[in-house]
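Heads up: the structure comes next, in structure tokens.
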Amino acid sequence: APHGIGALNRAAGGDAIVLAPELIPLLQRALAFCLWSDSSWSPLGGHVYAQWERLEGGVEVDPVRFDQALRGAACELVRIDIDPEGGDTRVALAAGSRVDLRAMAQGFAVDRAVETLTAAGASNLWVETPRVVRGLGGGAAGRGWYFEPPTFPGQQRSIEAVYLRDRSVAWVSTNDPTPRGDMRTGSLASGTVAVLVSTPGAADAQAVAASLFVLSHYVGQRRLGQLDPKPAVLWMLGEGDGPPLESSYQWTKISRP
């Protein structure tokens, strides 16, 4: 029988297991963004998250275990074996790695909800979670779905509202409960208050936002040109102790009220 992510983590270092079919494209997409970000964000960083959570809780972290957790987050430490004849897809995870898809989970749930609703005949709909929204169709007035971004630390004015037509927006900020950092070095992210990303798919928007929050603004801007379709991005730069500096990439292409 197909298994979930928990079973895959328990099987780390052992034989490949059959993973639930709906999880395969999500894991593949997550690994693609891992490579795109040069492993600064990784879906295999479950042990790294655990170390960061210990640090934020004031618990001393063993440097050796932290280093092991970082090495276990490398993108190449999972193998996906797809049967060319249409049989079960098997996934093998290296010892020391732990799959953690929290950075895409809300987006995945939103996309699955949209798939279910459109399969039932819906064509004009809005789905949201605490940090991801997606609008399909023209909304109430035909222009798209009205979306007013949240307020982030240090802001003195609201971000201008937009209309979303067949687009999603995901955001990562210093308000989030999940610790964010570079999974290559272990350093927690700094210099960015929030990142908002808009793409057609919600899971993609979340993955890009998670990566850009960790990457430097300069590096992130350079990497965006490699994506197709190109996302729209709005950065809020700073440390949260004063008004953040706004910087954008194609954000003005999203419809305004």
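In what follows, residues are counted from 1 in the order of the sequence shown. Bear in mind that the values here come from a model prediction, so they are computed numbers and not experimental data.
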Are Ile80 and Leu44 grouped together when hydrophobic residues (ILVMFWY) are joined by side-chain heavy atoms under 4.5 angstrom apart?
-> yes
Under 3.5 Å, side chain of Thr118 to main-chain N/O of Ala122, donor-acceptor pair present?
-> no
Please answer whether the main-chain N or O of Pro243 pairs with a side-chain N or O of Gln156 as donor and acceptor at a distance below 3.5 Å.
-> no
With no hydrogens and no angle check, is any side-chain donor or acceptor of Asp182 less than 3.5 Å from a backbone partner on Arg184?
-> yes
NZ/NE/NH1/NH2 to OD/OE distance under 4.0 Å, Glu115 and Arg134 | no
Backbone of Gly135 reached by a side-chain donor or acceptor of Arg165 within 3.5 Å = no
Backbone of Trp251 reached by a side-chain donor or acceptor of Ser248 within 3.5 Å = no
According to the ring pair (Phe, Tyr, Trp, His ring centres under 6.0 Å) rule, which pairs have a member within residues 194-228, sequence neighbours left out?
-> His217-Trp235
Result block: side-chain N/O donor-acceptor pairs under 3.5 angstrom for residues 82-96, not counting sequence neighbours:
residue, atom, partner, partner atom, Å
Asp83, OD1, Glu85, N, 2.8
Asp83, OD2, Gly87, N, 3.4

Can you tell me if Thr199 uses its side chain to pair, donor with acceptor, with the backbone of Gly201 under 3.5 Å?
-> yes
Tell me the disulfide (SG to SG under 2.5 Å) pairs involving residues 61-171, sequence neighbours left out?
-> Cys34-Cys75
For the student: nearest non-hydrogen atoms of Pro43 and Leu31, plus distance | CG-CD2, 3.9 Å
Counting only N and O atoms by type, is there a donor-acceptor contact under 3.5 Å from the side chain of Glu56 to the main-chain atoms of Glu53?
-> no
Partner set under side chain to side chain contact (heavy atoms under 4.5 Å, CB included) for Glu76, not counting sequence neighbours = Ala74
Without swapping roles, check the side chain of Ser42 against the backbone of Ala73 for a donor-acceptor pair under 3.5 Å.
-> yes
Inspect the contact between Asp81 and Arg79 and indicate whether a charged nitrogen and a carboxylate oxygen are less than 4.0 angstrom apart.
-> yes
Between Ser198 and Arg167, does any side-chain donor sit less than 3.5 Å from a side-chain acceptor?
-> yes
For the pair Thr129 (side chain) and Gln106 (backbone), establish whether a donor and an acceptor sit closer than 3.5 Å, ignoring hydrogens and angles.
-> no
Shortest non-hydrogen contact from Ser247 toward Leu237 = CB-CD1, 4.2 Å
Spell out, yes or no, whether Leu224 and Ile254 are grouped together once hydrophobic residues are joined by side-chain heavy atoms under 4.5 Å, including indirect joins.
-> no
Which hydrophobic side chains are connected to Leu117, either touching it within the sub-4.5 Å cutoff or through other members that do?
-> Val110, Val114, Leu125, Val127, Val132, Leu136
Where is the tightest heavy-atom contact between Ala161 and Pro149, given as atom of each residue plus distance?
-> CA-CD, 4.0 Å
Distance-only criterion, 3.5 Å: show the donor-acceptor pairs between side-chain atoms of residues 169-178 and protein atoms not counting sequence neighbours.
residue, atom, partner, partner atom, Å
Ser173, OG, Asn175, N, 3.0
Asp176, OD2, Ser173, N, 3.2

